Q: 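First the structure, then my questions, so here it is.
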Amino acid sequence: AVLGYNYEAYHSLEEIQSWMYYMNKTHSDLISMFSIGKSYEGRPLYVLKLGKRIRPYKRAVWIDCGIHAREWIGPAFCQWFVKEAVDTYHSDPGMRRILNRLYFYVMPVFNVDGYHFSWTKDRFWRKTRSKNSRFHCYGADANRNWKVNWCDEGASLHPCDDTYCGLYPESEPEVKAAANFLRKRKKQIKAYLSFHAYAQLLLYPYSYKYAAIPNFECVESAAYNAIVALQSAYGVRYNYGPASSILYVSSGSSMDWAYKNGIPYAYAFELRDTGHFGFLLPESLIKPTCVETMLAVKNITMHILKKC
Amino acid sequence: HLYNNLYAGDKLIRLSPKNDYEVIALKHMCQQFKVDLWQPSSVSYITEGTIVDVHITRNSSQALLAYLQHTSLQYKVLISNLQNLIEKQIGVQSLRNRR
């Protein structure tokens, strides 16, 4: 049982999976749980489907956390998001409207093998744990392995590099599983949100080139309103804009792939902080980080429900 | 200790190269000392003005800091002992588990 689960603490993979089972069992009116495949080391890739089953067809939002193993605040936010959704469904008209009108597919830990490794062996591990037989190095960067300008600028062909793009596009089972899931639901899914750390940024396509996306005005205004909402909580400032110019050019990213696959609103959050603690953001900052990010995510979601 | 005290004495330092010479010196340092880059995520992203956060191990910090002095690269120590922060970050957690 996961009664009294502490959302202001970091949890191991086993604890997060137990939590998912518990939420699935205790909130069956709002949550269903399924696996979209297996990781390289054979672990299930669990997704929680969140939303009121009111009508057969509803638009959806995809949220993933933990693509990079050492960025622990990501999975902490995904858990916080699910908790807030079920806790406030009856008390918050905004959340109720969102959950009645949309589904959320939430993947709390994308890179399950890497996350487990960062808890047990190397706290600062980033990549997956796949093994390229010809090299002694492990893992590929799960955010350079998507089939969009794969292994072009901003990714490395060398298996020992942190931005190694993998043997081929979607070579990483975790990426393949998520891409297959998203491909099958491209008409239903209207937003893709991916949570990373650290830098305090809200990024949108493109990562792989300096160019404006066709629906720039809608995506940019949603991003601006989201960081204003975020800042209203504790005054924390996020920068926002196209990833290629705000951060750096990188190819094969999940956000670019989601956008090119037809999802009109694709964002990547780089959560707190800007480097004082980095990946070691203390547990005392989980709550404020998640509270402010909730405001941004709800803002983006409301934007999607309206016509832009 | 968590992770068998693997990170005792490891540091996180911050640099921001101000010109081409410093960019080259910093890239050379990252390759020579096999450092763990926290940001940006790859050496190839290091350009003038980039904020570079580097995790250096206890064993290499003496030689690496000497290299920084030799190349006059300005740096700031963000975290002086990673192990302590790790213990703080989830130490409470493992304490809870034990309880």
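Source: prediction; values computed, not measured. Lettering of chains follows the sequences in order, A, B, ..., and the numbering in each one begins at 1. The analysis underlying the following values was restricted to heavy atoms, covering all of them including side chains, and did not include hydrogens, waters or symmetry mates.
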Q: When rounded to the nearest 0.5 angstrom, what is the spacing between OH in B/Tyr3 and NZ in A/Lys121?
A: 10.5 Å
Q: Among B/Ile90, B/Leu85, B/Ile86, exactly one meets side chain to side chain contact (heavy atoms under 4.5 Å, CB included) together with A/Arg123. Which residue is that?
A: B/Ile86
Q: Taking atom OH as the centre, does A/Tyr138 end up with more than 12 heavy-atom neighbours from other residues, nucleotides or ligands that are less than 6.0 angstrom away?
A: no
Q: Measuring from A/Leu281:CG to B/Gln89:CD, what's the distance to the nearest 0.5 Å?
A: 7.5 Å
Q: Mind checking which of residues 267-277 of chain A sit less than 4.5 Å from chain B, heavy atom to heavy atom?
A: A/Thr274, A/Gly275, A/His276, A/Phe277
Q: Pick one of side chain, backbone, both or neither for B/Ile51, based on which atoms fall under 4.5 Å of a heavy atom in chain A.
A: neither
Q: Might you confirm whether atom CD of B/Gln62 has over 12 heavy atoms from other residues, nucleotides or ligands at distances under 6.0 Å?
A: no
Q: If a pair satisfies salt bridge (Lys or Arg N to Asp or Glu O under 4.0 Å) and one of its residues is in residues 8-21 of chain B, list it, with sequence neighbours excluded.
A: B/Arg14-B/Asp53, B/Lys18-B/Glu22
Q: Give, for atom CG of A/Leu247 and atom OG of B/Ser41, the distance between the pair rounded to the nearest 0.5 Å.
A: 7.0 Å
Q: Rounded to the nearest 0.5 Å, what's the gap from CZ on A/Phe124 to NE2 on B/His55? Could you check?
A: 5.5 Å
Q: Counting heavy-atom pairs under 4.5 Å to chain B, which of A/Thr120, A/Asp161, A/Asp162, A/Asp122 comes out on top?
A: A/Asp122
Q: In Å, rounded to the nearest 0.5 Å, how long is the span from CG of B/Leu82 to CZ of A/Phe279?
A: 11.0 Å
Q: Should the heavy atoms of other residues, nucleotides or ligands under 6.0 Å from CG of B/Asn4 be counted, would the total exceed 12?
A: no
Q: Checking side-chain polar atoms at under 3.5 Å, does B/Tyr45 have a donor or acceptor matched by the opposite partner on A/Thr163?
A: no
Q: Do A/Leu280 and B/Trp38 make a side-chain contact, defined as non-hydrogen atoms from C-beta onward lying under 4.5 Å apart?
A: yes
Q: Should we say atom CD of B/Gln32 is surrounded by more than 12 heavy atoms from elsewhere, each under 6.0 Å from it?
A: yes
